[in-house]
Amino acid sequence: MQNYIKIYENVISKTFCENLIEKFESSKTQQLTWPKDKPFFTQINFSQSTDWTTESESLLNIFTDHIVKYKKDCEIDKNQWPTKYSLEPIRRKRYLPNDSDEFPPHVDVDASRNISRFLVFFLYLTTNEKGGTVFPSMSFDSPCKQGSLLMFPPAWPWLHQGMKPIIQSKYIVGSYLHYVN
């Protein structure tokens with residue numbers, strides 16, 4: 001199971017990371033807290049504004065390049081991979097170093113609304129002590145390292161947790177591949 005968790009380092013530059021963070025912070029009207037009653041994180045959905053078109057295109061190219069690497073690294077042949085798939089709208093998330101911003105253990109396919117997901121992308125925009133993604137049942141964790149891309153399946157065997165940052169805010173960009181009919 002752990003062989004399907006891949007970390008690719010230095011997939012984007014420090015400057016690109018910093019520009020994404022700066023633009024996130026200056027786009028207050030686009031930020032949504034999730035869930036509303038207890039903040040786990042704040043996010044911006046790139047598809048809800050044309051302000052993010054350039055960034056979305058750059059990230060799409062990065063994700064597309066790494067899909068090829070992921071398939072090769074996991075030795076996935078054409079009979080295992082869907083012929084058609086799509087990318088879920090890209091979201092940027094911020095976790096503050098406080099007592100509430102974190103994502104408790106969960107899986108990303110848990111209902112009919114998200115059952116078409118088959119691959120996760122988490123791109124870390126900051127380096128944070130303790131702010132990584134933990135897979136508790138596998139005793140594996142992905143450090144929160146600026147420019148690193150974490151990819152893995154979103155189903156129940158890959159229970160994971162977004163750990164809370166302890167010193168500075170943690171920023172990630174995330175998306176999913178979906179099966180398409």
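Values below: every heavy atom of this structure, side chains too, minus hydrogens, waters and symmetry copies.
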Q) Is there any salt bridge (charged side-chain N to carboxylate O under 4.0 Å, His left out) pair reaching into residues 53-67, and which pairs are they, with sequence neighbours excluded? A) K23-E55
Q. Looking at residues at least two apart in the chain, or sitting in another chain, which of them share a ring pair (Phe, Tyr, Trp, His ring centres under 6.0 Å) with Y176?
A. none
Q | Set of residues satisfying side-chain contact (heavy atoms from CB on, under 4.5 Å) with respect to V68, sequence neighbours excluded | A | none
(Q) Would you say that I62 contacts F121 through its side chain, given a criterion of any heavy-atom pair below 4.5 Å between the two side chains? (A) no
Q | Point-to-point distance, once rounded to the nearest 0.5 Å, from NE2 of H160 to CZ of F152 | A | 4.0 Å
Q: Kindly state each residue pair satisfying salt bridge (charged side-chain N to carboxylate O under 4.0 Å, His left out) with at least one member in residues 86-95, sequence neighbours excluded.
A: E25-R94, E88-R91, E88-R117
Q.
Please enumerate all residues that pass side-chain contact (heavy atoms from CB on, under 4.5 Å) together with I115, with sequence neighbours excluded.
A. V109
Q. K69: what forms a salt bridge (charged side-chain N to carboxylate O under 4.0 Å, His left out) with it, not counting sequence neighbours?
A. none
(Q) Once salt bridge (charged side-chain N to carboxylate O under 4.0 Å, His left out) is applied, what residue pairs with a partner in residues 150-169 remain, sequence neighbours excluded? (A) E102-K164
(Q) List the residues meeting salt bridge (charged side-chain N to carboxylate O under 4.0 Å, His left out) with D141, not counting sequence neighbours, and say none if there are none. (A) none
Q) Taking only residues two or more places apart in sequence, or in another chain, which ones meet T133 in a side chain to side chain donor-acceptor pair (under 3.5 Å)? A) Y124
Q: Apply side chain to side chain contact (heavy atoms under 4.5 Å, CB included) to the pair C144 and T126, showing each step before the final yes or no.
A: CA-CA 7 Å; C144 182; T126 51; 4.2 Å; yes
**Q.** Partners meeting side chain to side chain donor-acceptor pair (under 3.5 Å) with D73 (sequence neighbours left out)
**A.** Y8
(Q) So, using side chain to side chain donor-acceptor pair (under 3.5 Å) as the criterion, who are the partners of S148 when residues are at least two apart? (A) none
Q | Transitive ILVMFWY side-chain link L60 to I44, under 4.5 Å | A | yes
**Q.** Pairs satisfying salt bridge (charged side-chain N to carboxylate O under 4.0 Å, His left out), at least one member in residues 121-130, at least two apart
**A.** none
